[in-house]
Amino acid sequence: MAEPEVPALEPGRGEKEHEPDRATEQDRRRDLREELSEQKRQGRISAENLDALYADTVIAGDDIGGASHRATDGGTVNAVGRDQYVFGWRPEDAAVHTVEMSAQEVAMVRRCHVRTDSWRRLSVRLRHEHVLVLRGAPHSGQPATALVALAEWARDDDHLAWLQITADPFRLTSAALRKATGYLLQAGDDGAWSRHPDQVLGHLCRAAERADARIVVLAGPGFPGHDLTVDHDPPPLDQVFVKRLVHELRQGRDARPQERADKAAADELVRGKLAEYRHPRQARELALQVAAGLLLGRSLDEILEALPEQRRRKARMLLARETPRRARCFMIASAVLRGSPAAVVATQTVRLATLVEEELARQTTVEQPRRHHVWEWINDWTGDTGIRVEQSGRGGDGPVVGFDEPRMAGTILRVVWEEQPTIHEPLLTWLHELSEDGDPDTGRRAAEAVGLLATFDFPSIQRRFLRRWRDGDRSEGRELAAWALASAARDPQVQPRVLDCLRSWARSGRRAQSVVIRTYGSWLGAYRLDEALRVLGDVAKTSGSILVGGVARAVSQIHQLGAGRTFLYTGDDGVPENTRKIVAALAEWSGDPDWRGRHRAAALAFVRLLASPDAIRVIDLAADPGAQADLVTLWRHILDEAVGRDSDVALTPEAWSLLGDWLARWETDAGVRQVLTRVLTRLRADARTSLAFRLRLWRRIRKIDAGLAARLTELIEGS
């Protein structure tokens, strides 16, 4: 960001008014905008790469979409079917935790739920009984059935939650329960549940009755019989498929969602797939894949051919022992370096093959003859693998390597790691060398592949890569650690471990905090916005001025990545929810002068939001009366910082230039006019002097007309 403004820009008494060095200011402003545009481009490339690597991962969870929930007291519950994993709580924390579910999530589950006999029995009995047990096989759809039944009873999607008891269930009290709220509770594995179910359920009933709440206990098929038990009926998978497909097509603005879903369900190939499945999540995942393809105009045959299991079969065939070793190494290198220049991929193929050959030689007592590393034509490696070499479309870049089906990249890496253990060590060595290559794009791709491998063995990858990158002397290493962590977090079952790691590192030294900042400044921060803003604010507050610039960059990156993401909600005015939350958080930070780091981060981040390619979302927010106070606070904050002589915030030229952009919308945008009217009537004296000077400049260069300049001058002088 630019340096503080030169004092000569503001003429003193008796001095002539000199026009500022507009070329320098424009250069600085252009540098910031170019940086933000490049930041957005890198985010888009990373998103495309992660989409390819994690195409085989069921992101939507098992029975309840978006199955990672934030607890009210600091932990995270990751619910996958019947399984709950708790991270972030210490042993000395409270024994009972509640995890609120968002109304939007509950509404989605209700729309996609298939009503069964067990749901009807559960719904009827919940009218009169405070606790019931829903007993069934794992991954058979219990949480969705229980949640919808509780929603029918509560008649309010904001009154539903997970109940997590981390110790003796008899420690639950009515004080831990919210009135008129429905809770899901996983039956524990400790002796109290199995030996004394009557006493446990009786205690739960008394607590729920005093709180006027309802609890549905999710239990396995071996749970002892009881008069409070309802046996769960798994929903028919074809109906699960249709319900979810209709929902996804409606979300995609399809004109005939029900008709197209019924037609897809009647397709012989789809019926065959559903007949192979055993769990509702498989039918839901098929619906997600079919919906994505239909919305892109693909046929059902094309969609089914690209399913993960089909890709896995093809990957096994391509990586079979009969395939020449270097051809296999070429496929692995292409999977990691998809989109990289062909020359880079070819060079790295030979290096990986060399490491594999050395490892095989080390593992055998028979002396291996020395093999010369001779260039093998890349066309011999591609063959009918689905890997192609094509022109990048950018002059001077040369041909690049890509896949006919980009999602094959992640499938190849998974098959290699799961089914060919002899390549583990050379693959890890190669990825480490690749990450040290020096080219940022190559390093990012290597780190994101390391993140994928972390989903198989997180502790090992943490020791071998993440901690070394974190603690090294090179700042690039901390960037690599952040890319790898953000990659690993794409797996919903690994995401809680990543979040737990980030929370721990946020309380560590500056190097660890630098990794935390970078990781939250990714898709993960946009997905878990509330937590990201809280952690980033805490880091800025405690780190002084050292990491403030990084915090501001992370916030602006989160804002850019939030545009158009399906996990974010958009208000009636079309402004994504993350814009509102980010602006509100920055306004809170700006009102905290006792913590200079957070105070400064708010100014730097708001300037970046205003200068970013997505600045229109902030402008649109000005039309919301509920958000105008925060925008007024932030505008005053950056203008005060821009003229403060004791300020080290390097934002002066950008702040005034951005104000000029907003003033140019004065006549046409009522929201902008309302915000700026309040800003300009309560400026500090030195800010009023500086603004008056700039109004004369902007009038001279015709950024604003003379009439508006006169009205604004009168406004600031009258204040």
Side-chain angles (χ1 to χ4, degrees), residues 5 10 555 559 571-577 579-593 598-612 614-644 647 649 651-699 703-719:
E5 187 176 19
E10 297 175 15
V555 171
H559 185 248
D572 295 337
D573 54 6
V575 179
E577 186 65 21
T579 300
R580 302 175 191 277
K581 289 188 174 182
I582 289 171
V583 167
L586 295 181
E588 180 185 349
W589 295 3
S590 71
D592 194 7
R598 192 154 72 167
H599 197 67
R600 182 187 181 200
L604 291 170
F606 188 56
V607 164
R608 295 178 78 90
L609 259 61
L610 295 174
S612 77
D614 303 294
I616 189 63
R617 286 188 278 149
V618 182
I619 294 173
D620 289 343
L621 191 60
D624 180 3
Q628 287 180 356
D630 290 334
L631 290 172
V632 170
T633 297
L634 287 170
W635 267 112
R636 287 175 182 156
H637 180 50
I638 64 171
L639 295 178
D640 287 347
E641 292 290 300
V643 298
S647 173
V649 179
L651 50 73
T652 301
E654 286 82 4
W656 292 114
S657 295
L658 293 165
L659 178 61
D661 292 343
W662 274 50
L663 286 174
R665 306 175 70 94
W666 181 278
E667 302 289 358
T668 59
D669 194 319
V672 166
R673 185 166 60 251
Q674 291 164 6
V675 168
L676 292 186
T677 297
R678 294 168 61 183
V679 171
L680 301 182
T681 53
R682 288 186 55 189
L683 284 178
R684 283 173 23 182
D686 47 0
R688 290 200 301 271
T689 301
S690 187
L691 176 56
F693 172 57
R694 280 169 175 78
L695 287 176
R696 293 192 291 273
L697 168 64
W698 292 332
R699 183 190 62 201
K703 190 167 190 173
I704 61 176
D705 61 38
L708 177 57
R711 291 198 300 275
L712 293 173
T713 299
E714 183 179 354
L715 179 65
I716 62 175
E717 288 178 351
S719 65

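Positions are given from 1, in the same order as the sequence printed here.
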If you round to the nearest 0.5 Å, how far is [atom2] of [Y] from [atom1] of [X]?
X      : Y      : atom1 : atom2 : answer
Leu712 : Leu680 : CG    : CG    : 6.5 Å
Leu631 : Asp624 : CG    : CG    : 9.0 Å
Leu658 : Leu663 : CG    : CG    : 11.0 Å
Ile616 : Thr579 : CD1   : OG1   : 11.0 Å
Leu691 : Asp686 : CG    : CG    : 11.5 Å
Asp620 : Asp669 : CG    : CG    : 7.5 Å

If I compare all heavy atoms of [X] with all of [Y], which pair ends up nearest, and what's the gap?
X      : Y      : result
Arg673 : Thr668 : NH1-N, 4.5 Å
Lys703 : Ser657 : NZ-O, 3.5 Å
Gln628 : Val675 : CG-CG2, 3.8 Å
Leu610 : Ala615 : O-CB, 3.1 Å
His559 : Val618 : CE1-CG2, 4.1 Å
Ile716 : Arg688 : O-CD, 3.3 Å

Report yes if the side chains of [X] and [Y] come closer than 4.5 Å at any heavy-atom pair, otherwise no.
X      : Y      : result
Leu586 : Leu609 : yes
Glu641 : His599 : yes
Arg636 : Arg684 : no

Partner of Trp656 by side chain to side chain contact (heavy atoms under 4.5 Å, CB included), out of Leu639, Leu697, Ile638: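 In the set Leu639, Leu697, Ile638, the residue that makes a side chain to side chain contact (heavy atoms under 4.5 Å, CB included) with Trp656 is Leu639.
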
Check each of Asp640, Leu634, Asp630 against Ser590 using the side chain to side chain contact (heavy atoms under 4.5 Å, CB included) test, and report the only one that passes.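 Checked Asp640, Leu634, Asp630 against Ser590; only one passes side chain to side chain contact (heavy atoms under 4.5 Å, CB included): Leu634.
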
Could you work out, with side-chain hydrogen bond (donor to acceptor under 3.5 Å, both in side chains) as the rule, every residue matching Arg711, not counting sequence neighbours?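 For Arg711 the side-chain hydrogen bond (donor to acceptor under 3.5 Å, both in side chains) partners, ignoring immediate neighbours, are Glu667.
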
Excluding sequence neighbours, so at least two apart, what forms ring pair (Phe, Tyr, Trp, His ring centres under 6.0 Å) with Trp662?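 For Trp662 the ring pair (Phe, Tyr, Trp, His ring centres under 6.0 Å) partners, ignoring immediate neighbours, are Trp635.
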
Please check this pair: side chain of Ser690 against backbone of Ala687, looking for a donor-acceptor N/O pair closer than 3.5 Å.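 Looks like no, no N/O pair under 3.5 Å.
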
